[in-house]
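Everything below concerns the one structure shown next.
Both counts, for ligands and for their atoms, begin at 1 and track the order of listing. Because the structure is a prediction, the values reported are computed rather than measured.
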Amino acid sequence: MHRLAAPSLAPVINATGVVLHTNLGRAPLARAARQAIERIAAGYANLEYDVSAGTRGSRQALCRDLLVELTGAEDALVVNNAAGALLVALSALARDGEAIVSRGELVEIGGAFRVPDIMARSGAKLVEVGTTNRTHGRDYKAAITPNTRLLLKVHRSNFQVTGFTAEVTAGEVAALAREARVTSLYDLGSGLLLDLEPWGLRGEPTITEALASGVDAVVFSGDKLLGGPQAGILVGSRTAIEACRTDPIARAVRSDKLTLAALEATLALYRDPETSRREIPVLRMLTADVAQLRRDAEALQKGVGEDCDVIEGESEVGGGSFPGAKLKTWLLRLKPTGLAPTAVAERLRAGNPPIVPRIADDHVLLDPRTIFPDQLDTVARAVRAALDG
Ligand SMILES: *Cc1c(COP(=O)(O)O)cnc(C)c1O
């Protein structure tokens, strides 16, 4: 009975140290975004209504202006998620024609999202060029025919290719497309708006860099590095975005008012980079001070008491962003006597709220990076209880 009465979707404490944990709902929202949802959820809103004119307005104007301001793109469109945005873009820009993509970029993102499958559903004919490890500009050139409509570049966000490799950059793809008078599209995956290089995170192109490569349109997620609600965002040239906006698939994958409210509030925080880094939980966690993480791990240890120690370790960005990036952290390592790590983890997950830890090297580990400061006491108490069983 109790199980039936309780909501099935409930908060958990993420102690894994994986910041963008897709199974745990990706990006926690900033306070401003949560407040925006609350404000809009309770009543009616000007979602598609121009208040001053008293006529129908556009739900798209809401986030569009901010995206244009922040990225420098001519135009922008928000849909339900990035997979949907890619589907819209392929349908609008390549339907009934050929879309060329490198074999090295025919990726699976996870959860049955595979680039070739999306292309097939969009009505565009996939033309593969190059090999798994090496693709050259001349491969694209040789594949261009009168039926070609689009060159697609996909950011390999969740894995790295090393060794004997060659990749055609987004800039080269854009130039090849221009020369052939076809459209270029860049599936960036993670939407990084704030350069995180000062915090040691390299290798993930920012949205601005992606646009500067000269491609006609860029696709990215709202709930990965952007740190907002689930959304798929398209930015690019007026012509490309207008084609996407008027494609029937855009209506099928449109965003709801709560998402648009939260996204708008999140984007507004980026007007001041330091505010965005402080207020957006994903950015705050990714740029957390290692000394503070150590103090948090020690606070956990103090709260738990016996059967644990604090060790150095690494957190993960997750969400198919910055693959291979290692973030230095400090971990609470549990050392129960006579209790298997899986049993301790099970007890932690059975709590209210459930705590999801990491198990590595036969130990239960808790990473303070993804534990909110106001959850530290709860976690310490729950761990103590789990160890005492
Ligand atoms: C994550 C990702 C997607 C899918 O994004 P969703 O917002 O989860 O739909 C698409 N392309 C790339 C390259 C990605 O990394």
Output, or 'none' if empty, a list of ligand 1-protein atom pairs in which both atoms are N or O and the distance is under 3.5 Å, rounded to 0.1 Å.
unit_1, atom_1, unit_2, atom_2, d
ligand 1, 5 (O), S221, OG, 3.0
ligand 1, 7 (O), A82, N, 3.0
ligand 1, 7 (O), S221, OG, 2.5
ligand 1, 8 (O), R26, NH1, 2.9
ligand 1, 8 (O), R26, NH2, 2.9
ligand 1, 9 (O), A82, N, 3.2
ligand 1, 9 (O), A83, N, 2.8
ligand 1, 11 (N), D187, OD1, 3.1
ligand 1, 11 (N), D187, OD2, 2.7
ligand 1, 15 (O), S157, OG, 2.6
ligand 1, 15 (O), K224, NZ, 2.9

*asked:* Just to verify, what does T131 make a side-chain contact (heavy atoms from CB on, under 4.5 Å) with, not counting sequence neighbours?
replied: N133, R134
_Salt bridge K141-E179, side-chain N to carboxylate O under 4.0 Å_ = yes
*Check the side chains of S184 and D216 for a donor-acceptor pair under 3.5 angstrom, ignoring hydrogens and angles.*
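Yes, S184 and D216 have a side-chain donor paired with an acceptor closer than 3.5 Å.
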_Distance check, rounded to the nearest 0.5 Å: E316 atom CD versus T370 atom OG1?_
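The OG1 atom of T370 is 11.0 Å from CD of E316, to the nearest 0.5 Å.
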*Quick one: which of V215, L185, L176, T183 gives a side chain to side chain contact (heavy atoms under 4.5 Å, CB included) with L151?*
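Single side chain to side chain contact (heavy atoms under 4.5 Å, CB included) partner of L151 among V215, L185, L176, T183: L176.
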*asked:* For E298, I'd like to know if atom CD has over 12 heavy atoms of other residues, nucleotides or ligands within 6.0 Å.
replied: yes
